[in-house]
Amino acid sequence: MNQPPYISGSTSVSVIMLKVLLALVPGIVAYVWIFGSGVLVSLLLASVTALVSEAVMLRLRNRPIMPFLMDGSALVTAWLLALALPPLAPWWLIVVGTLFAIVIAKQLYGGLGYNPFNPAMIGYAVLLISFPAIMTQWPAPLALAHAQLGFMDQVHYIFGRMLPDGVGLDAISSATPLDYLKTQLKLQHGVAEIWQAPVFGTLGGKGGEIVVGAYLLGGLYLLQQRIISWHVPTAFLLALAAMSAIFHLIDPVHYAGATFHLFSGASMLCAFFIATDPISGPTTPKGKLVFAAGIGILTWLIRTYGGYPDGVAFAVLLMNICVPLIDAYTQPRVFGHEK
Amino acid sequence: MISKLFKFHGGVHPPENKLESTSEPIRSFPIPPRLVLPLRQHVGNLPKIRVQAGDHVLKGQLLAEAEGSVSAAVHAPTSGVIVSIEEQPIPHPSGLPDVCILLQPDGEDRWLERKTIDWRHADRRMLVASLRDSGVVGMGGAAFPTQIKLRPSGESGIHVLIINGAECEPYITCDDMLMRERADEIVKGIEVVQYLLGAERCIVGIEDNKPYAASSMREACSRSATAIEVEVVPTLYPSGDARRLIHLLTGIEVPSDKRSTDVGVQVFNVATVMAVYRYFEHGEPAISRIVTVAGNVRNPGNFEVPFGTPIDNLLEAAGGVLPDTNDLIMGGPMMGFSLPSPQVSVTKATNCIIAGAPKMFPEPPPAMPCIRCARCADACPANLQPQELYWFSKSDNFEKARDYHLFDCIECGCCSYVCPSHIPLVQYYRYAKSEILVADKAKQAADLARERNEFRLARIEREKQERAAKHAQKAAGAKTETAGDDDAKKAAIAAAMERARAQKAEVAPQNTTDLPPAVQNEIAEIDARRAEATQEKQES
């Protein structure tokens with residue numbers, strides 16, 4: 001016999017995750033257009049690894065396999081990680097990162113709903129610390145590359161690290177805008193001068209800014225579908241923009257402006273897809289604002305003063321640690337109670 | 001008449017399903033061949049039975065009398081013979097049987113002589129006291145004896161009277177139809193209640209999905225001599241919850257640990273005030289009510305049903321249930337409960353019977369883990385954090401659950417309704433609440449027992465001391481004066497206390513024994529400071 005309430009107006013976890021995947025599609029399309037179709041291979045590799053490792057772990061943990069595979073959360077983790085990694089990264093890098101995300105960061109903590117850290121960001125951080133050289137080796141946008149790799153060339157490169165004859169690594173790769181800015185600033189160049197380099201576009205990195213724009217589009221879809229609330233994207237983007245704008249105003253020679261920070265690196269991906277992970281984030285409205293603003297500030301700090309070009313992954317993980325505290329101190333006033 | 005509404009947090013919009021039962025007027029209902037009248041149709045004490053098996057009773061005759069302050073009388077809904085008084089299944093979520101009076105109608109439906117009361121010229125106290133014999137209870141579903149809610153607490157102090165016509169649960173339309181068809185009687189009931197409470201202001205709250213009811217009530221109110229405001233509120237479940245409705249209409253937030261009467265507001269359901277009016281004006285006690293029959297029946301609608309009517313007969317009157325019916329729900333689909341059997345009867349709290357089928361109420365998919373999406377928190381009308389309460393209830397962390405205001409949960413079901421993981425959240429909260437209440441009771445009992453035991457031990461010890469002192473005195477001979485007796489007693493008490501203290505020190509926490517000397521010194525220092533502090537406190 002059923003129990004009250006007898007009716008349900010809810011979607012399901014699967015539908016939520018499916019909509020998140022759907023919202024990533026514009027970004028993926030833009031990605032393929034700008035950087036070539038190699039990313040599709042990474043996405044496939046990550047997806048297969050995630051599903052297989054999730055199934056194995058569920059089996060080992062004596063949990064029902066099908067309902068949890070169908071919930072789509074493993075795929076979301078896999079896609080986010082694949083999109084965060086350099087698209088021509090070797091196959092084993094993607095596999096190792098995904099395994100770490102699913103097995104260690106998710107399943108060993110108890111699976112769906114129990115992971116205190118964002119699994120994709122754990123996978124990313126592990127790879128960044130363990131293989132920093134490969135992790136910063138990004139392909140140049142097709143428009144800037146000196147040589148074009150076809151789909152099969154990219155597959156060969158991902159699986160065998162083999163490039164077609166006569167094509168060197170330099171011909172296809174380039175520093176990311178964030179990376180380039182960082183190294184050039186160290187060489188005592190001013191922001192305005194650095195901005196003249198071909199890797200920069202109108203808002204962020206050349207080409208990259210289009211992918212970022214597509215992520216923004218997907219994020220707006222998630223907002224419209226009420227999959228995510230406005231709190232996290234708004235607070236994150238505002239905090240990041242405020243930090244960069246203030247410092248840019250004070251010292252425009254050494255600090256890049258707000259638009260650049262918003263449209264470079266993983267900012268948009270973080271605002272709408274990573275920091276919005278409900279499981280590893282706070283639940284109260286105020287808590288979401290604090291959490292996301294914290295990520296924004298930390299991201300800017302790490303980008304500006306840290307050792308890595310982008311800071312999203314570490315910022316998210318650091319704020320994940322604070323979630324129980326944030327939740328405890330941001331409890332809203334209950335009806336009929338004094339604050 | 002458009003005044004400001006004060007929105008409450010959360011709420012949900014379930015499909016209303018109210019049209020199917022409002023296409024026809026309220027239907028009357030032939031007296032069934034047998035009535036089963038539970039004594040427990042209200043909140044409070046069981047009433048005292050005043051009839052025996054074999055008695056012939058008339059319609060409206062008292063069968064059981066209110067017992068104690070919170071109780072309600074039960075009357076015969078028609079004339080007939082008391083067949084027996086025995087345990088029968090009653091409409092309660094527990095499914096447990098309870099004492100019922102079985103009445104065999106004689107078909108004559110003959111009234112007892114009805115005594116009307118001229119309420120306009122009677123003493124308020126007398127009127128409220130007389131309601132004790134009316135059997136009227138809250139008909140919105142709470143079934144709280146009405147005379148208690150009218151008892152002027154500190155000479156009333158009620159400024160605002162709110163009449164609840166929100167009827168926010170899906171399917172239920174009994175109040176809607178009552179307001180459409182009998183608005184004049186409701187308004188007269190409002191006048192009575194407003195007079196009894198001495199409330200300066202009266203507001204009727206009706207959800208905007210009942211336009212006919214609202215216009216009918218507006219018309220009736222315009223004919224009334226007293227100023228009664230009719231407010232149309234947006235349809236949003238659970239706006240019919242008393243505290244939510246008070247806030248919605250007046251902006252007053254009843255404090256969690258207080259009653260609405262403490263802030264000068266009292267709320268009555270439309271059917272309740274009408275029942276009060278009928279008791280005074282026509283001398284009719286509570287013997288019937290309007291019940292919505294909806295869902296998987298051939299001919300859904302509203303019926304005026306005598307209390308004690310078996311649900312079976314009621315469903316027949318609605319054309320019978322369709323073949324795929326697998327559940328009978330009393331109340332609405334959000335807060336109602338499944339009936340243990342179709343043989344249980346309509347009581348004062350029965351506002352709706354829904355025949356359920358798998359196509360209407362499909363079995364929920366297996367629950368998934370909570371993903372902390374906080375949709376429940378967005379939907380909670382009490383602004384609680386249901387996901388935290390779920391976490392604490394599930395892990396038996398009851399103290400935490402209480403800290404997070406578990407007892408402010410009204411079990412409206414909004415959280416479960418929106419949960420994408422399909423977790424039966426309300427059931428977890430009910431479980432935690434009952435566990436906490438049981439633990440509280442056990443603790444109270446244990447505290448009492450320990451106090452008693454300590455007192456007993458102290459008494460035994462004192463008697464022993466006294467005996468010993470007496471013996472010592474005897475042994476010392478009569479030459480010593482008895483003047484030292486008092487001192488000896490005091491000394492004995494002091495000695496006993498000293499022993500008790502020593503004993504306590506012995507059982508002090510043992511994890512401080514194997515510590516390095518430095519730490520032990522520190523602890524000794526702390527203890528000394530603490531002793532000093534307590535001494536100071538005692539001196540001051």
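All figures in this text were calculated on a predicted structure; none of them were measured in a lab. Each chain gets a letter, A, B and so on, in the order the sequences are listed, and its residues count up from 1.
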B:Thr292 vs B:Ser21, side-chain hydrogen bond (donor to acceptor under 3.5 Å, both in side chains): CA-CA, chis, key distance, verdict: CA-CA 7 Å; B:Thr292 305; B:Ser21 58; 5.2 Å; no
Please work out whether the ring planes of [X] and [Y] are parallel, tilted or perpendicular, with thresholds of 30° and 60°.
X: A:Phe117; Y: A:Tyr109; value: perpendicular
X: A:Tyr114; Y: B:Trp391; value: tilted
X: A:Tyr6; Y: B:Phe361; value: tilted
X: B:His405; Y: A:His337; value: tilted

Need one label for [X]: side chain, backbone, both or neither, based on atoms under 4.5 Å from any heavy atom in chain B.
X: A:Ile16; answer: side chain
X: A:Pro64; answer: neither
X: A:Arg226; answer: backbone
X: A:Ile228; answer: neither
X: A:Thr284; answer: both

Under a 4.5 Å heavy-atom cut-off, does chain A meet the side chain of [X], its backbone, both or neither?
X: B:Ile354; value: neither
X: B:His9; value: neither
X: B:Met334; value: both
X: B:Pro170; value: side chain

Residues B:Arg372, A:Asp327: salt bridge by 4.0 Å N-O rule: yes
Pair B:Arg243 + B:Glu253: basic N to acidic O under 4.0 Å: no
Residue, of B:Met335, B:Arg375, B:Glu411, B:Glu388, that accumulates the most heavy atom pairs under 4.5 Å with chain A: B:Arg375
Options B:Ala374, B:Pro369, B:Gly413, ranked by heavy-atom pairs under 4.5 Å with chain A, top entry: B:Pro369
Residue, of A:Val15, A:Asn115, A:Asp277, A:Ile227, that accumulates the most heavy atom pairs under 4.5 Å with chain B: A:Ile227
Shortest non-hydrogen contact from A:Pro4 toward B:Arg430: CG-NH1, 4.2 Å
